[in-house]
Amino acid sequence: MPIPDDVTGEEIDKDVKQELQSLPKGLAEDVSRNLVMVARLIDEDPEGAYGYSRVALRLASRVAAVREAAGFAAYASQKYSEALAEFRAARRMTGNVDLWPVMADCERGLGRPEKALDMAGAPEVQKLDKAGQVEMRLVAAGARRDMDQLDAAIVTLQSPELASNSVQPWTARLRYAYADALLAAGREGEAREWFAKAVESDKDGSTDASDRLAELDGVEFVDALVEDDGDSDHDSDSDSDSDGDVEVVNSEAPEVKTEPESAEDSVDDDGLDDVDDVDDMDDDEGDLKS
């Protein structure tokens with residue numbers, strides 16, 4: 001596959017570069033350039049990234065960083081079986097547990113949410129750093145929703161990380177997942193509150209929390225662009241009314257009132273242990289206050 005001339009391979013992470021030192025210099029450069037292309041394309045063109053990852057894999061399948069990159073490219077392309085195989089290979093090579101949450105999410109992608117929940121309760125989770133544990137919590141909640149256990153998903157997301165006022169890299173996604181679960185359970189008032197909190201913490205626009213909040217507030221974005229049909233007989237005054245401005249229409253939905261409880265009061269202090277505990281909830285736990 002063609003690689004732009006401006007890609008030298010020097011752009012890769014220093015730890016990956018160190019792994020590639022076991023290869024001949026020319027081969028290491030080729031692998032590096034392909035890995036750079038994987039990183040460049042994985043968000044916007046997952047299939048393209050996948051193609052470059054396969055090239056790197058053919059060149060250096062015994063390098064853990066290459067197996068990991070191939071796994072993420074397959075994961076982004078929704079090739080979950082292949083992604084899981086690559087992640088397992090990388091983990092065998094390094095002994096690292098960092099890939100545990102994404103491996104569990106692959107199980108969800110393969111239609112095995114029960115397996116994902118088993119992984120959420122495994123000892124490996126305790127070895128993850130804080131970001132990894134939050135990611136594992138998100139995966140476990142997603143698995144609960146896959147099994148139509150909405151109340152259990154809500155409980156799974158309740159944690160000190162959710163209640164904290166400090167903004168961390170995972171905060172926006174955690175708050176968004178919680179709001180989405182509340183909305184799915186019909187708890188619209190609480191959902192609006194948490195979508196608003198997600199907006200506050202989502203500085204880089206990693207979620208569509210602002211759009212979801214606008215929907216709940218009854219704000220509709222209407223594209224008022226009227227295309228020019230080429231008819232020169234149109235009245236110029238009418239054309240000036242449709243120059244491509246975007247009109248915001250408020251349907252004046254009634255204000256949604258939320259309970260004044262604080263975030264800290266709405267969640268428990270348990271760790272991931274409640275992933276197992278939620279199986280024992282009574283049917284009336286749908287009234288759980290968050």
Side-chain angles (χ1 to χ4, degrees), residues 1-112 115-116 118-120 122-136 138-139 168-170 173 204 206:
M1 298 181 67
I3 298 178
D5 293 337
D6 66 322
V7 176
T8 65
E10 293 298 318
E11 302 91 338
I12 62 173
D13 183 84
K14 63 179 182 179
D15 292 333
V16 177
K17 186 181 297 185
Q18 186 174 359
E19 280 193 60
L20 296 178
Q21 288 179 353
S22 61
L23 303 175
K25 184 177 181 181
L27 179 58
E29 181 178 328
D30 289 342
V31 173
S32 297
R33 296 182 72 207
N34 278 281
L35 291 180
V36 171
M37 293 305 298
V38 172
R40 280 191 178 187
L41 298 177
I42 196 165
D43 292 328
E44 301 297 329
D45 182 11
E47 288 295 334
Y50 175 76
Y52 283 104
S53 75
R54 301 308 297 177
V55 175
L57 196 58
R58 288 197 299 270
L59 294 173
S61 62
R62 296 185 179 181
V63 177
V66 172
R67 304 301 291 266
E68 183 174 329
F72 278 110
Y75 177 81
S77 301
Q78 299 184 9
K79 298 176 174 64
Y80 298 116
S81 181
E82 188 174 328
L84 185 57
E86 296 301 337
F87 289 142
R88 284 172 174 169
R91 184 168 179 268
R92 284 195 301 269
M93 291 176 177
T94 65
N96 200 315
V97 299
D98 291 349
L99 296 172
W100 197 253
V102 72
M103 290 169 62
D105 208 37
C106 286
E107 296 288 358
R108 284 186 62 212
L110 291 169
R112 302 193 292 250
K115 177 62 176 176
D118 288 343
M119 294 179 68
E124 284 82 356
V125 175
Q126 304 305 318
K127 301 176 184 178
L128 294 168
D129 60 14
K130 182 63 69 177
Q133 291 185 4
V134 171
E135 193 66 33
M136 191 72 252
L138 288 167
V139 172
Q168 302 296 334
W170 60 76
R173 291 178 58 235
D204 58 358
S206 62

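In what follows, every heavy atom counts, from backbone to side chain, and hydrogens, waters and symmetry copies are set aside.
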Looking only at heavy atoms, what is the nearest atom pair of Gly132 and Pro101, with distance?
-> O-CG, 3.6 Å
Mind checking what makes salt bridge (Lys or Arg N to Asp or Glu O under 4.0 Å) contact with Lys130, not counting sequence neighbours?
-> Glu161
Donor-acceptor contact present, side-chain Ser53 to main-chain Ala69, <3.5 Å | no
Who are the side-chain contact (heavy atoms from CB on, under 4.5 Å) partners of Thr8, not counting sequence neighbours?
-> Glu10, Glu11
Could I get the full list of side chain to side chain donor-acceptor pair (under 3.5 Å) partners for Tyr80, not counting sequence neighbours?
-> none
What pair of heavy atoms forms the shortest contact from Ile42 to Ala76, and how long is it?
-> CG1-CB, 3.7 Å
Carboxylate-amine/guanidinium contact Lys115 Asp118, below 4.0 Å | no
Which heavy-atom pair separates Ala64 from Thr94 by the least distance, and what is that distance?
-> CB-CG2, 3.5 Å
Between Val66 and the options Val31, Leu23, Val38, the side-chain contact (heavy atoms from CB on, under 4.5 Å) test singles out Val31
Sequence neighbours excluded, the answer for salt bridge (Lys or Arg N to Asp or Glu O under 4.0 Å) partners of Asp43 is none
Sequence-distant partners of Asn34, side-chain contact (heavy atoms from CB on, under 4.5 Å), two or more places apart | Ile3, Tyr52, Val55, Ala56, Leu59
Taking all atoms of both residues into account, what is the closest heavy-atom pair of Ala116 and Met136, and its distance?
-> O-CE, 4.2 Å
Residue set satisfying salt bridge (Lys or Arg N to Asp or Glu O under 4.0 Å) with Arg91, at least two apart, ordered chain then number -> Glu124
Only counting residues at least two apart or in another chain, list the ones meeting side-chain contact (heavy atoms from CB on, under 4.5 Å) with Ser32.
-> Ile12, Leu20
Residues two or more places apart in sequence or in another chain: which of them pass side chain to side chain donor-acceptor pair (under 3.5 Å) with Glu19?
-> none
List for me each residue that meets side-chain contact (heavy atoms from CB on, under 4.5 Å) alongside Ala83, sequence neighbours excluded, and say none if there are none.
-> Ala74, Tyr75, Phe87, Cys106
Residue pairs passing the salt bridge (charged side-chain N to carboxylate O under 4.0 Å, His left out) test where at least one lies in residues 55-77, sequence neighbours excluded = Arg67-Glu86
Between atom CG of Asp13 and atom CD of Gln18, what is the distance when rounded to the nearest 0.5 Å?
-> 10.0 Å
All salt bridge (Lys or Arg N to Asp or Glu O under 4.0 Å) counterparts of Arg88, not counting sequence neighbours = Glu107
If every non-hydrogen atom of Leu35 is compared with every non-hydrogen atom of Val16, which pair is closest and at what distance?
-> CD1-CG1, 3.9 Å
Distance-minimising heavy-atom pair for Val102 and Phe72 | CG2-CE2, 4.2 Å
For residues 28-40, which residue pairs qualify under salt bridge (charged side-chain N to carboxylate O under 4.0 Å, His left out), counting only residues two or more places apart or in two chains?
-> Asp6-Arg40
